[in-house]
Amino acid sequence: MDYKRREAIFSKEALSIKDVAELYGCSEGKACILIKEWKRKLIYQDIPLRLDVCGKIHVLDYMKALGIEQVDEHERYPLAAKPKTNEIARRSVCV
C-alpha cells in the first residue's frame, strides 16, 4: 500500500470492513472481528462510540482503541508544498 492510498483511507470519517482489510492485509472476516474487538475495548473503558454502525468504526475511535496519539488531520497528511508564485516560468522557443 502506498502513501496516497493510506491517505485516502484515513481521510474518511469512518473505516469500513474493506478499508481495515486493506490496511491490515487480511480477509474481510478478520477485519470484521478486529472492528468488533476495538469497539468492545472502547465500551469496556466506558468511552462512548462516535459511530455505532455495524461494520464501520470512526477514525478517532480506531486511533483511541489502538492507543495512537491523536494528531490534527493536517499534521498527519500535510499538503504538498505549493510552488512559489514569484518564480519565473521558463519556456523554450523554437525558431
Side-chain angles (χ1 to χ4, degrees):
M1 172 181 302
D2 62 350
Y3 183 84
K4 286 192 180 252
R5 180 62 188 138
R6 187 174 197 75
E7 181 181 11
I9 290 173
F10 281 106
S11 66
K12 301 176 187 178
E13 285 293 316
L15 301 176
S16 68
I17 292 174
K18 290 182 180 184
D19 294 331
V20 173
E22 188 175 349
L23 283 170
Y24 284 80
C26 63
S27 68
E28 290 183 8
K30 177 64 177 171
C32 181
I33 292 169
L34 288 172
I35 290 174
K36 287 179 183 178
E37 288 176 359
W38 297 329
K39 286 184 174 185
R40 280 190 203 120
K41 182 178 180 179
L42 294 173
I43 291 170
Y44 180 74
Q45 296 173 356
D46 291 329
I47 298 171
L49 296 175
R50 291 174 177 87
L51 180 66
D52 194 16
V53 176
C54 291
K56 292 193 180 236
I57 186 166
H58 196 277
V59 173
L60 297 178
D61 289 341
Y62 163 80
M63 290 183 176
K64 185 164 284 272
L66 293 179
I68 299 171
E69 193 173 315
Q70 294 180 13
V71 294
D72 185 30
E73 170 182 322
H74 302 291
E75 290 176 14
R76 278 192 296 144
Y77 297 107
L79 297 173
K82 294 181 181 179
K84 295 178 183 176
T85 56
N86 60 355
E87 288 184 8
I88 299 172
R90 301 195 185 271
R91 297 185 183 129
S92 62
V93 179
C94 297
V95 181

Among residues at least two apart in sequence or on other chains, which ones pass side chain to side chain contact (heavy atoms under 4.5 Å, CB included) with D2?
K4, R5

Can you confirm whether L23 sits close enough to F10 that some side-chain heavy atom of one is under 4.5 Å from a side-chain heavy atom of the other?
yes

Please find the pair of heavy atoms, one from A21 and one from S27, that lie closest to each other, and give the distance.
CB-O, 3.9 Å

Can you name the side chain to side chain donor-acceptor pair (under 3.5 Å) partners of K18, sequence neighbours left out?
none

Would you mind listing the cluster partners of V53? Hydrophobic ones only (ILVMFWY), side-chain contacts under 4.5 Å, chaining allowed.
L51

So among R50, M63, K12, which one has a side-chain contact (heavy atoms from CB on, under 4.5 Å) with H58?
R50

Using the side chain to side chain contact (heavy atoms under 4.5 Å, CB included) criterion, which residues pair with L49? Sequence neighbours excluded.
K39, L42, I43, D52, D61

For residues I47 and I68: do they belong to one hydrophobic cluster (side chain heavy atoms under 4.5 Å, members Ile, Leu, Val, Met, Phe, Trp, Tyr)?
no

Specify the closest pair of heavy atoms between S11 and A8, including all atoms of both residues, with the distance to one decimal.
OG-O, 2.9 Å

Here the pair of heavy atoms bringing S16 nearest to K56 is CA-CG, 4.2 Å

Clusters formed by hydrophobic residues whose side-chain heavy atoms approach within less than 4.5 Å: which one holds I33, and what are its other members?
none

Identify the two heavy atoms, one from C26 and one from V20, that lie closest to each other, and give their separation to 0.1 Å.
SG-O, 4.5 Å

Applying side chain to side chain contact (heavy atoms under 4.5 Å, CB included), name anything that partners K41, two or more places apart in sequence or on another chain.
Q45

Please list all pairs passing the ring pair (Phe, Tyr, Trp, His ring centres under 6.0 Å) test where one or both residues lie in residues 31-51, with sequence neighbours left out.
Y24-W38, W38-Y62

Residues G55 and I35: closest non-hydrogen pair is O-CD1, 3.9 Å

